[in-house]
Asks: 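Dropping the structure in here first, questions after.
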Amino acid sequence: MWYYTNMKKPGSANSSNELRGDYSQARADYSVPQHHAAYSDAQHDRWRRLYQRQVGLAEKHAARAFRDGLARLDCADGIPDFDQASAILAEATGWRIVAVPGFIPDEIFFDHLANRRFPVTRWIREEHELDYLVEPDVFHDFFGHVPMLLDPVFADFMAAYGAAGARAQAMDAVPMLARIYWYTVEFGLIREEGEIRAYGAGIVSSAGETVFSTTDPDVLRLRFDPVRIMRTAYAIDDFQSTYFVIDDLQQLITGLVDLDFGPIYRRYRETQPFPADRLQDGDAPITLNKIAEDIAHD
């Protein structure tokens, strides 16, 4: 899920809110039946058009793990059946999908992830929202997130991230942990086969940002630094102005799972985050020209 600190989230399964989604029949963990048979032909067609647009971009700009996972899910023909996809996930990495009405509270979200359950919004965007969507829908959640959960390393990282939620809440540091999610799971880049490619769901589910994040020469791309990430603000209504680049997915384990967040929370939780578009002392920008030079010297 996206972390939007300026948006109202439901406080209970029966709460009313300005975000779409029917919470009236949500269970205590905010899960709901998907009701796959209830999707209309027009909604399946909308999925197919979104899929065809993004899969073409993914072939060129998305990480290998994402491309491989998407191929295994075989979901080009319409909105996927979550039960069928869960069977594939469970066999590969022990994950499964739970349908949810929309945004869910942090503690519920963390618990789902820690137990290898990924919440996927069950509704799909309207026709006029094909290019821009304020809230994550089934296309963002499934197309963007689920393929990566078939990679064992990324799957382990996501479960560990969920388990870290309780400590962040206890230490009043959820915004810092949320920035980790934002700059990796949602908007992460990876250096792969001599190129910058995307593995973050917010990128690979967006036609414009897929190309922008990986090819624009003026984008600020920084080497992966967990503390820098936890201290960096992010944009919720535009393309990101800064991206963090990992060398491989294992870096998410060695750089984050093995890190003691407690002292970092205590030191920085009361400080203002860095603006997203400004270099700080010690930053190591990655340029497309530098990557080309590195390849030439290999």
Side-chain angles (χ1 to χ4, degrees), residues 1 34 36 39 43-99 113 116-122 124-125 130 133 136-159 161 184-215 243 245-253:
M1 289 297 175
Q34 183 190 12
H36 186 265
Y39 293 117
Q43 289 172 323
H44 284 296
D45 179 66
R46 199 171 302 144
W47 171 281
R48 286 192 290 271
R49 285 181 285 128
L50 286 165
Y51 183 97
Q52 287 302 317
R53 180 176 68 178
Q54 290 306 124
V55 75
L57 292 171
E59 287 301 318
K60 182 175 177 58
H61 300 288
R64 184 189 313 109
F66 177 84
R67 303 193 312 269
D68 290 348
L70 189 63
R72 292 171 68 182
L73 290 166
D74 190 23
C75 56
D77 291 337
I79 299 170
D81 184 306
F82 293 174
D83 288 339
Q84 294 178 8
S86 289
I88 297 172
L89 285 170
E91 182 177 359
T93 59
W95 279 78
R96 66 183 179 90
I97 295 168
V98 292
L113 295 191
R116 294 187 180 246
R117 302 184 301 261
F118 191 79
V120 174
T121 303
R122 66 178 175 181
I124 191 166
R125 67 193 70 184
L130 292 184
L133 187 68
D137 69 338
V138 65
F139 186 77
H140 167 84
D141 281 349
F142 191 100
F143 181 96
H145 285 286
V146 176
M148 290 297 298
L149 292 173
L150 285 163
D151 181 272
V153 174
F154 191 83
D156 287 349
F157 161 66
M158 286 287 282
Y161 178 87
T184 58
V185 180
E186 289 289 358
F187 291 96
L189 296 176
I190 186 170
R191 180 171 170 168
E192 190 173 84
E193 298 174 358
E195 297 180 354
I196 295 292
R197 293 180 177 168
Y199 69 93
I203 300 176
V204 297
S205 63
S206 164
E209 195 147 9
T210 296
V211 177
F212 173 79
S213 66
T214 58
T215 67
Y243 300 90
V245 184
I246 58 176
D247 295 321
D248 54 50
L249 293 175
Q250 187 63 39
Q251 195 171 10
L252 296 174
I253 301 293

Asks: For residues 53-68, dump all side-chain donor-acceptor pairs below 3.5 Å to protein atoms at least two apart in sequence or in another chain.
Replies:
residue	atom	partner	partner atom	Å
Arg53	NH1	Asp131	OD1	2.5
Arg53	NH2	Leu130	O	2.9
Gln54	OE1	Ala207	N	2.9
Gln54	NE2	Val204	O	2.7
His61	ND1	Thr214	OG1	3.0
Arg64	NE	Glu193	OE2	3.4
Arg64	NH2	Glu193	OE2	2.7
Arg67	NH1	Ala62	O	2.6

Asks: Let me confirm one number: the OG1-CD1 distance from Thr215 to Ile196, rounded to the nearest 0.5 Å.
Replies: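 Reported to 0.5 Å precision, the distance equals 11.0 Å.
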
Asks: At what distance, to the nearest 0.5 angstrom, does CZ of Arg117 lie from CG of Leu149?
Replies: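 If we round to the nearest 0.5 Å, Arg117:CZ and Leu149:CG are 13.5 Å apart.
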
Asks: How many angstroms lie between atom CD of Glu186 and atom CD1 of Ile203, to the nearest 0.5 angstrom?
Replies: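 Here the interatomic distance stands at 9.5 Å.
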
Asks: After noting the C-alpha distance and the side-chain angles of Glu192 and Val245, does the key distance pass the side-chain contact (heavy atoms from CB on, under 4.5 Å) rule?
Replies: CA-CA 10 Å; Glu192 190 173 84; Val245 184; over 6 Å; no

Asks: Where the side chain of Arg197 meets the backbone of Ile190, is there a donor-acceptor pair that is under 3.5 Å apart?
Replies: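 Such a contact is absent between Arg197 side chain and Ile190 backbone.
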
Asks: Report yes if some heavy atom in the side chain of Asp141 is under 4.5 Å from a heavy atom in the side chain of Val138; otherwise report no.
Replies: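 No, too far: nothing below the 4.5 Å cut-off.
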
Asks: Residues in side-chain contact (heavy atoms from CB on, under 4.5 Å) with Ala71, at least two apart?
Replies: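 Here no residue qualifies.
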
Asks: Quick one, Tyr161 with Thr184, criterion side-chain contact (heavy atoms from CB on, under 4.5 Å). Give me CA distance, side-chain angles, the key distance, then yes/no.
Replies: CA-CA 11 Å; Tyr161 178 87; Thr184 58; over 6 Å; no

Asks: Please find the pair of heavy atoms, one from Arg72 and one from Ala92, that lie closest to each other, and give the distance.
Replies: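 Between these two residues, the closest heavy atoms are NH2-CB, 3.5 Å.
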
Asks: Below 4.5 Å, heavy atoms only, C-beta onward: do Val185 and Phe157 meet side chain to side chain?
Replies: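 Val185 vs Phe157: side chains touch.
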
Asks: Work out which heavy atom in Phe142 is nearest to a heavy atom in Pro147; give both atom names and the distance.
Replies: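 Smallest heavy-atom distance, with atoms named: O-CD, 3.1 Å.
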
Asks: Excluding sequence neighbours, so at least two apart, what forms side chain to side chain donor-acceptor pair (under 3.5 Å) with Arg96?
Replies: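 Scan of Arg96 (side chain to side chain donor-acceptor pair (under 3.5 Å), adjacent residues dropped) gives none.
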
Asks: With a 4.5 Å heavy-atom cut-off, do Val153 and Ile253 have their side chains touching?
Replies: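 Yes. Closest side-chain heavy atoms under 4.5 Å.
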
Asks: Supply the atom-to-atom distance Ser206 OG to His140 NE2, rounded to the nearest 0.5 angstrom.
Replies: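 Going from OG on Ser206 over to NE2 on His140, the span is 10.5 Å.
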
Asks: By side chain to side chain donor-acceptor pair (under 3.5 Å), which residues pair with Asp74, not counting sequence neighbours?
Replies: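 Partners of Asp74 by the side chain to side chain donor-acceptor pair (under 3.5 Å) criterion come out as none, since no residue qualifies.
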
Asks: Is the shortest side-chain heavy-atom distance between Leu113 and Phe118 below 4.5 Å?
Replies: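 They are in side-chain contact.
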
Asks: Mind checking what makes side chain to side chain donor-acceptor pair (under 3.5 Å) contact with Gln251, not counting sequence neighbours?
Replies: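 Testing Gln251 for side chain to side chain donor-acceptor pair (under 3.5 Å), a comparison that skips the adjacent residues, returns none.
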
Asks: For the atom pair CG (Leu50) and CG (Leu133), what is the distance rounded to the nearest 0.5 Å?
Replies: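 Rounded to the nearest 0.5 Å, the CG-CG separation comes to 9.5 Å.
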
Asks: Under the side chain to side chain donor-acceptor pair (under 3.5 Å) test, which residues partner Asp151, sequence neighbours left out?
Replies: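 Listed in chain order: nothing, the list is empty.
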
Asks: Nearest 0.5 Å, please: how far is OH in Tyr39 from CG in Asp45?
Replies: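 It comes to 15.5 Å.
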
Asks: Please report the shortest heavy-atom distance between Arg48 and Asp77, naming the atom on each side.
Replies: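 The answer is NH1-O, 2.8 Å.
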
Asks: Do any side-chain atoms of residues 78-91 form donor-acceptor pairs under 3.5 angstrom with protein atoms, and if so which ones, sequence neighbours left out?
Replies:
residue	atom	partner	partner atom	Å
Asp81	OD1	Asp83	N	2.9
Asp81	OD1	Gln84	N	3.3
Ser86	OG	Phe82	O	2.9
Ser86	OG	Ile97	N	2.8

Asks: With Phe139, which residues qualify under ring-ring contact (aromatic ring centres under 6.0 Å, His included), at least two apart?
Replies: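 For Phe139, the residues satisfying ring-ring contact (aromatic ring centres under 6.0 Å, His included) (neighbours in sequence not counted) are Trp47, Phe143.
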
Asks: Which residue pairs pass the ring pair (Phe, Tyr, Trp, His ring centres under 6.0 Å) test with at least one member in residues 192-215, sequence neighbours excluded?
Replies: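 Counting only pairs at least two positions apart or across chains, the ring pair (Phe, Tyr, Trp, His ring centres under 6.0 Å) contacts touching residues 192-215 are Phe212-Phe239.
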
Asks: Are side-chain heavy atoms of Leu70 and Tyr51 found at a separation under 4.5 Å?
Replies: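 Yes, side chains in contact.
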
